[in-house]
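So the structure is just underneath, and the comments pick up after that.
All chains are named by letter (A, B, ...) in the order of the sequence lines, taking the proteins before the strands, and each is independently numbered beginning at 1.
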There are 2 protein chains.
Amino acid sequence: VTKALVLGSGMVGSVMAADLAEQPGFEVTIADARSEALERARKKTNIATITADLAEPSSVKELVRSFDVVLGALPSAIGFQTLRAVLEANKPYCDISSMPEDAFLLDPLAKERGVCAIVDCGVAPGMSNMIAGYAATTLSPCEEIAIYVGGLPLLRRFPYEYKAAFSPHDVIEQYVRPSRIVENGKLVVKEALSEVEHLDFPGVGTLEAFNTDGLRSLASTLGVPNMKEKTMRYPGHVAMMKLLRETGFFSKGPVDIGGARVRPLDLTAKLLFPKWTYDEGEADLTVMRVVAMGMKQGKRTRMTWDLLDRYDPATGYRSMSRATGFPATIVAAKIARGEIAKPGVHTPEALGAREGFLAKVLAELERRGVKYRATIEVL
Amino acid sequence: VTKALVLGSGMVGSVMAADLAEQPGFEVTIADARSEALERARKKTNIATITADLAEPSSVKELVRSFDVVLGALPSAIGFQTLRAVLEANKPYCDISSMPEDAFLLDPLAKERGVCAIVDCGVAPGMSNMIAGYAATTLSPCEEIAIYVGGLPLLRRFPYEYKAAFSPHDVIEQYVRPSRIVENGKLVVKEALSEVEHLDFPGVGTLEAFNTDGLRSLASTLGVPNMKEKTMRYPGHVAMMKLLRETGFFSKGPVDIGGARVRPLDLTAKLLFPKWTYDEGEADLTVMRVVAMGMKQGKRTRMTWDLLDRYDPATGYRSMSRATGFPATIVAAKIARGEIAKPGVHTPEALGAREGFLAKVLAELERRGVKYRATIEVL
């Protein structure tokens, strides 16, 4: 039996633990500092819980010692330090934290310890990387990869028609930070929220897609000359976010308000974030489209993957938690079975480049109800 | 020679003083606490200036003693106390301050002192009232009066396409305060920013009109069973203002931000109002439409008055200053000539009800380049 530890019992971590516990041969423990978060996970009978301060790397290092494989579902801000702590404990790791730091900086440490870590292993980053890695090796050459992804509430309510499926601070950060994309082989910086496109999704309608800084490792690992990642929302979102951003409501520079120094973003968080919080049991959906263009057997070919996943009322799992958590549990199980073992820090595009790997992961996801639809068109 | 005193040397007061100084038989003085504001007015050679604290009613009372007629162009917050101070000094008064209080409360004082005060004597309130007063007496019965008014920048710039021609705090107040309109003879309260209509103006394009609390005295003085006043902006304004309002950015209730108590509106003012400030010499325009419906000589008749006024590059006078200030100087001159003398506090609808009065005022305005176009349609 494999002893697995999930770090973080938030919306995604709790779903990861529950999913892994249903797989044969796993004994699952979940750790968090918040007892109410552990309470949520404990509803699944065969999950053990540990209360621990995961913001403290030494405590993480100590905690993971008695486990065979570790899964990370922690806030992005502590993703990097946690990766280092797990590697220093010589444990294999699969993480979805989307840390702002470059995880490859810890590649030498992982190799030195002889352990394998897969980072950015959610939906996007995650499945988007795995698909991109597959496309980049299947098409020759692969000329272009475009990733469109969004998490949305099913019901569109005035005025935002949006709820944040992960930290709203990270959402705002996406709207402020310059977006790095690849054009003609060069890294190009575009304003966040720029270059709006409209995409239609059956059963969802028209969404607007705009530049955000989402390529991450893909910008350097694949060598595809044209790559972009865009975030999708219900139409109108860009206008609203630009209004707030241009007025200064996302600014972190303190202003003087009657003698008090206030960061506008702090007030915005206070007023806005409660409106962006999913109600208990509120249905969400996850949409993703990855489009790759290139040559296949001498013919210009377009490969498209579409994901449309919805809240699961049977389990109460939010779609974003399913779409993000399941790739990590599937990969963690492969680590546990020794199918993924190469020492080092890797991102999922490396897995997608492996013969037959993507197909197996997509089949495992489909078994869990998360269905990607792939189409190939010869142009 | 008539000695006239203009209280307030802001954008409108300075234009009022200059206009009155050009009329034969007037000796004009302008008072303000701000020396830079007086400097602006002093560019007109035949205007005297006085530095005085006009927020102090006793100082106003003392100041007005040596003048024959007084004009008020002060912030709305001190409009009422200034009206009282002028009446207590036994001086006739013409005011554009749009005070939040009910000016008629000072009608007994004006009668006791035997002096006449015309309040709300700008464009809207002001000309809108005078036209409504005319329509209510010309049509019999007058069934409906709709007033649409807006001050806009000529150039529409992202994201707001708006500049505030008067205090931006008063603009926000209009978007928050419930709107009182008259329907079927009853006072009805509607949400501000509600019931959007679209109106076309030649040379301007389509504007959106929405409920604001602008009827003021008209709601009680005319007895017309259906009356509304709507504010006009470039399309999209309502969506932006509702977004900010619903998120709480217009709220005056303090929230706790890292230990500091902050009123969201104070931060919004700090961030937003600089973006709503006209640049020096920036062109604006004033649009107004008053539509009155009723019976005339037994036939269903619609009377419409349209105003489209623009920034005057020759004088550098902003359109809103012209459209607001000239009605007051025209009425003040009539007070000075004894044409308006009835003791009491009056609003312009009482003047509009007088035989031939509106036509004279419209002719005087046209002489100054502010042109109303009147049309009558038998339906």
For the interface with chain A, which of B:V262, B:I257, B:V255 has the highest count of heavy-atom pairs at distances below 4.5 Å?
B:I257

B:K270 (side chain) donor-acceptor with A:D256 (main chain) under 3.5 angstrom:
yes

Side chain, backbone, both or neither: which part of B:F158 has a non-hydrogen atom closer than 4.5 Å to chain A?
side chain

With a 4.5 Å heavy-atom cut-off, do A:P159 and B:E246 have their side chains touching?
yes

Taking everything shown except B:R289 itself, do over 12 heavy atoms lie less than 6.0 Å from its CZ?
yes

In Å and rounded to the nearest 0.5 Å, what is the CG to CG distance from B:L271 to A:L244?
10.5 Å

Under 4.5 Å from any heavy atom of chain A, what part of B:S251 do you find: side chain, backbone, both or neither?
neither

Using side-chain heavy atoms (C-beta onward) and a distance below 4.5 Å, is B:F249 in contact with A:T247?
no

